[in-house]
Amino acid sequence: MRCISSEFYARPTVGVARDLLGNILVRLLRCGSSKIKRMSGIIVETEAYGFTNDPASHAYRGLTFRNSAMFGDVGRAYIYFTYGSQFCVNISARSSNVKAGAVLIRALQPLEGIEEMKAFRKTDDILALTSGPGKLSQALNINQSLNGYDVTDPNSELHVEYGFSPALIIETGRIGISRGTDKIWRFIIADKVRQGYLNKYASRKKI
DNA sequence: TCGATGATTGAG
DNA sequence: TCAATCATCGAA
């Protein structure tokens, strides 16, 4: 259970997106004075978002209050609210010569705290718990209050630990966007597609 | 200010 | 296929 350090995120965003597959997103839920509930999942789907080279990126038009986490230290959570009801989780990552960048966590395979996830999601369907960026945020009880959290700190309520190296990775264009669709910046663990850990919307798209 | 728009989801 | 739903952003 070792936390991934900040050097990992200080590399080109697209490579970080690919290399995050197979690692573990961990959510520590503080319930009461001393009790800590641990929830986690294997990262099975990611997308990279860049800067001025990427019209689909929130950072494309420059620094704003919302996207400031994409411009700050690498290895920080960038969490935003969208479509009126959903939160999306990103991790800031970029090489030192680039001003902004982040990796969107699109899907997990539930690992620990599955009963809690069922309660937060209001469903018992394992494959529906974290098979989408909005769903995984709901399952892990993640909201904007976690924006900017250091995911390289093992004591952080949201952090990433080492997992395994996937045998086969699928690369596709990003989905749910209208611009920048030519960039092959979406990454998926091949086995997890077959096992059903990606959402239906994602499966409908070309893989 | 104000209107348009989403890195989505669940229901029909 | 389509509505829900609201923070954010750029134009006015």
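Sequence lines set the chain letters: A, B, ... in the order given, protein chains first and strands last, and positions in each chain run from 1. The model shown is predicted, which means the values in this text are computed figures rather than measured ones.
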Centroid separation A:Tyr60 to A:Tyr49 less than 6.0 Å | no
Whole-Å gap separating C1' (B:dT8) and CD1 (A:Ile79) = 16 Å
So what does A:Tyr80 hit on the nucleic acid, given a heavy-atom distance under 4.0 Å: a base, only sugar-phosphate, or nothing?
-> base
Integer-rounded Å distance: B:dA7 P and A:Ile142 CD1 = 19 Å
Nucleotide forming a Watson-Crick or wobble pair with C:dT5, both distances under 3.5 Å | none
In whole angstrom, what separates A:Asn147's CG from C:dT8's C1'?
-> 14 Å
Interatomic distance where OH belongs to A:Tyr78 and P belongs to B:dA7 [whole Å] = 9 Å
Return the orientation label for the A:Tyr78 and A:His58 ring planes: parallel under 30°, perpendicular over 60°, tilted otherwise.
-> perpendicular
Measure from NZ on A:Lys122 to P on B:dA11 and round the result to the nearest Å.
-> 12 Å
Calculate, to the nearest 0.5 Å, the distance between atoms CD and CG belonging to A:Glu45 and A:Leu20 respectively.
-> 13.0 Å
When A:Ala128 and A:Tyr83 are each assigned the nearest nucleotide of DNA chain B, the 5'-most assignment goes to A:Tyr83
Reckon A:Arg61 touches a base, only the sugar-phosphate, or nothing at all at heavy-atom distances under 4.0 Å?
-> sugar-phosphate
With heavy atoms under 4.0 Å as the rule, sort A:Tyr49 into base, sugar-phosphate or nothing.
-> base
Spacing between A:Phe87 atom CZ and B:dT9 atom P, to the nearest angstrom = 13 Å
Rounded to the nearest 0.5 Å, how far does CG of A:Leu158 lie from CZ of A:Arg27?
-> 7.0 Å
Would one find a side-chain N or O of A:His58 under 4.0 angstrom from OP1 or OP2 of C:dT8?
-> no
Comparing A:Gln86 with A:Phe81, nearest DNA chain B nucleotide closer to 5' gives the residue A:Phe81
Any side-chain N or O of A:Arg121 less than 4.0 Å from the OP1 or OP2 oxygen of B:dG10?
-> yes
On DNA chain C, nearest-nucleotide positions of A:Gln144 versus A:Ser85: which is more 5'?
-> A:Ser85
Of the nucleotides C:dC9, B:dT9, C:dA7, which has the atom closest to the A:Arg66 side chain?
-> C:dC9
Could you work out which one of B:dG10, C:dC9, B:dT8 sits closest to the side chain of A:Thr64?
-> C:dC9
Output for pair (A:Ile169 CD1, A:Lys192 NZ), nearest 0.5 Å, gives 12.5 Å
What integer distance in Å separates A:Asp54:CG from B:dG6:P?
-> 14 Å
What's the CZ-C1' distance between A:Arg106 and B:dT9, to the nearest Å?
-> 12 Å
